[in-house]
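Accompanying notes for the structure given below.
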Amino acid sequence: MSIVKINALTVPDEQREVLEQRFASRAGSVENSDGFEWFELLRPVEGTDQYLVYTRWRSEEDFQAWMEGPMKAAHQGGGAGGAGGGAGSAGGGAERPKPAATGSTVWSFEVVQQAAPKQG
């Protein structure tokens with residue numbers, strides 16, 4: 001079964017819009033990766049200042065290949081925050097912008113059960 005990576009990003013209120021814009025401008029940076037299945041950026045509603053970056057992968061190997069290839073290249077070149085790893089840094093000039101997040105923790109899970117809406 002698939003694996004899920006959740007990156008919990010601590011984002012101060014004044015950086016929320018910056019983070020969301022950086023993810024919006026990532027221009028499909030993860031969608032074309034082999035083994036990629038799903039991405040969601042979850043905005044906190046109450047009780048926390050942590051955004052959750054949810055990605056789902058066919059295997060741990062597919063996730064690691066993305067981390068070592070496209071994600072690493074995007075961050076070294078000042079690309080948008082990665083779906084599974086980055087803290088929302090982006091840009092394109094010689095000077096890298098300050099990260100929007102002040103902290104990051106990655107959680108890993110195996111999918112052991114799943115359900116989809118009944119087709120009908």
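Put simply, CG on Leu52 and CG on Asn7 are 9.0 Å apart, with the number rounded to the nearest 0.5 Å. Note that the OG1 atom of Thr10 and the CD atom of Gln15 stand 13.0 Å from one another [nearest 0.5 Å].
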* Derivation and outcome, side-chain contact (heavy atoms from CB on, under 4.5 Å), residues Glu110 and Met1 -> CA-CA 7 Å; Glu110 291 180 325; Met1 279 228 165; over 6 Å; no
* Start with the C-alpha distance between Thr102 and Val11, add both sets of side-chain angles, then the distance that settles side-chain contact (heavy atoms from CB on, under 4.5 Å), and finish with yes or no. => CA-CA 6 Å; Thr102 59; Val11 182; over 6 Å; no
* Step by step, would you call Arg16 with Asp49 a salt bridge (Lys or Arg N to Asp or Glu O under 4.0 Å)? -> CA-CA 9 Å; Arg16 286 178 161 212; Asp49 59 355; over 6 Å; no
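Looking at Leu19 and Tyr51, their side chains come closer than 4.5 Å, going by heavy atoms from C-beta outward. The side-chain heavy atoms of Phe39 and Tyr54, taken from C-beta on, include no pair separated by under 4.5 Å.
More than 12 non-hydrogen atoms from other residues, nucleotides or ligands lie less than 6.0 angstrom from CD of Glu40. The local environment of CZ in Arg43 is sparse, with at most 12 non-hydrogen atoms from other residues, nucleotides or ligands closer than 6.0 Å.
Side-chain contact annotation: Trp57 with Thr55, donor-acceptor N/O pair under 3.5 Å present.
Not counting sequence neighbours, the partners of Glu60 by the side-chain contact (heavy atoms from CB on, under 4.5 Å) test are Ile3, Lys5, Phe63, Gln64. Taking the salt bridge (charged side-chain N to carboxylate O under 4.0 Å, His left out) definition, one finds that Glu37 meets it with Arg56, sequence neighbours left out. The salt bridge (charged side-chain N to carboxylate O under 4.0 Å, His left out) check on Glu68 picks up Lys72, with sequence neighbours excluded.
Taking both residues in full, the closest heavy atoms of Pro12 and Ala100 are given as CD-O, 3.6 Å, listed atom of the first, atom of the second, then distance.
In this structure, the ring of Phe36 has its center no less than 6.0 angstrom from the ring center of Trp66.
Between Leu9 and the options Pro99, Pro44, Ser104, a side chain to side chain contact (heavy atoms under 4.5 Å, CB included) holds for only Ser104.
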